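Keep in mind the model is a prediction, meaning the values are calculated, not measured. Every number for a ligand or one of its atoms is a count from 1 in the order of the listing.
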Amino acid sequence: MAINSPLATQVLMISLVFASTLPAAGWCAESVKPNVFIAATGGTIAGTQANVEQHGYTAGQLGVASLIAAVPQLKDIAAVTGEQVMNIPSQDMNDAAWLKLARRLEELEHSAGLDGIVVTHGTDTMEETSMFVALTVDTPKPIVFTGSMRPATAVSADGPMNLYNAVAVAGSAAARSCGVMVAFNDQIHSARYVYKTNTTRPDAFQSVDRGPIGTVDTGQVDIFGVCAAGTASPAPKVPIADIHELPKVEIIYAYAGMGRDLIDAAVHAGAKGLVIAGVGDGNITNEALAGLRDARAKGTVIVRSTRVVSGFTLRNAEVNDDTEGFVASSEFKPSKARVVLQIALLKTSSLSEIQKYFDTW
Ligand code: DGL
């Protein structure tokens with residue numbers, strides 16, 4: 001068709017009118033939103049209180065549909081679906097709940113059409129559950145834990161923005177190599193490094209030794225590039241399909257004048273491993289040390305960690321781990337050191353191998 005023919009002129013005019021209706025950015029269909037799945041487990045984010053004057057509240061009251069409905073802006077950033085995997089306060093988390101959640105997450109990780117997963121969870125044990133998931137679930141898609149420090153009915157509830165930001169992170173391409181994270185109070189933390197450090201405040205979650213791996217400000221995700229350095233581990237250390245029960249591992253808190261009774265009792269109760277929340281750099285009294293030596297002689301694996309909120313527990317500081325046959329927890333504080341030891345004991349009883357896991361996982 002000659003460009004100067006009447007028909008060609010009409011086609012050109014129609015094309016120009018149509019093109020002028022497109023967004024300034026040029027030809028594009030409505031931007032495709034990521035598909036994000038919310039696996040709800042309970043906690044304060046789903047909590048309610050009788051009235052705002054009360055400090056008290058009940059966790060695990062609202063279902064996932066209520067959580068999603070409370071944040072209508074979610075539909076602007078993602079196509080969100082979800083399910084109630086369980087609805088409990090997270091102080092009630094246990095091995096069976098962990099196995100159930102991890103198996104469901106593994107299924108979701110391998111379901112087509114999903115871009116990321118959010119887990120809403122109580123804050124009391126979020127540091128432990130997220131660590132367990134990081135060590136046992138394959139994570140080609142990011143898994144982002146979140147919750148709230150204030151119940152949904154509180155003045156300035158923090159749950160809605162935490163949920164909005166967690167969905168933004170889960171749907172973000174930048175987070176795809178980051179494995180399991182915690183998004184809380186506008187920060188993004190690796191599940192390996194984050195701990196609850198305050199009983200009530202919205203900024204309770206802190207990566208005490210390394211800091212956050214990113215920020216998320218009203219949905220704007222900024223990963224600091226640390227993920228590329230390997231905080232993620234796409235392959236699980238022990239696949240959840242191979243786990244049917246977890247070894248019994250206890251944590252014992254050290255203090256001035258500590259005796260050996262709790263150590264003896266834990267071993268008698270069948271503990272396969274003990275994590276010591278030691279004073280200072282993982283230290284204990286001589287009487288408690290005698291108890292640990294007897295426990296070690298019976299085959300119990302001993303991990304020296306610390307009750308101190310930050311800093312690493314390295315080998316052969318004031319306690320000679322080589323002589324005692326102990327493991328040092330490296331940067332894992334007791335709550336995570338217990339999870340690491342449970343998973344390590346599923347793989348080996350070799351102390352050198354277990355120490356390597358604490359140093360590298
Ligand atoms: N019961 C606590 C829990 O479910 C409430 C703490 C919270 O979720 O913020 O972990």
N or O pair under 3.5 Å between [X] and ligand 1:
X: Thr125; value: no
X: Ser148; value: yes
X: Thr44; value: yes

Whether Glu331 and Arg210 form a salt bridge (side-chain N of Lys/Arg under 4.0 Å from carboxylate O of Asp/Glu) is what I want to check.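 Yes, charged N to carboxylate O under 4.0 Å.
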Side-chain ion pair, Glu107 and Arg104, N-O less than 4.0 Å: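 Looking at Arg104 together with Glu107, the answer is yes, because their closest N to O distance falls below 4.0 Å.
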Under a 4.5 Å cut-off applied to non-hydrogen side-chain atoms, are Phe132 and Ile343 in contact?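 Answer yes - side chains close enough.
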So Lys333 and Thr306, do their side chains get closer than 4.5 Å, heavy atoms only?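 Thr306 vs Lys333: side chains touch.
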By the definition side-chain contact (heavy atoms from CB on, under 4.5 Å), identify the one residue from Val275, Val303, Thr313 that meets it with Val327.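 The residue from Val275, Val303, Thr313 that satisfies side-chain contact (heavy atoms from CB on, under 4.5 Å) with Val327 turns out to be Val303.
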Would you mind listing which atoms of ligand 1 come within a distance below 4.0 Å of any non-hydrogen atom of [X]?
X: Gly122; value: 3 (C), 4 (O), 8 (O), 10 (O)
X: Pro89; value: 1 (N), 4 (O)
X: Gly43; value: 4 (O), 8 (O)

Take every heavy atom of Gly147, measure it against each atom of ligand 1, and state whether any distance is under 4.0 Å.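 Gly147 does not count as a contact of ligand 1 under the 4.0 Å cut-off.
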For the pair Phe205 and Phe184, name the ring-plane relationship: parallel under 30°, tilted 30 to 60°, perpendicular over 60°.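 Geometry flag for Phe184 against Phe205: tilted rings.
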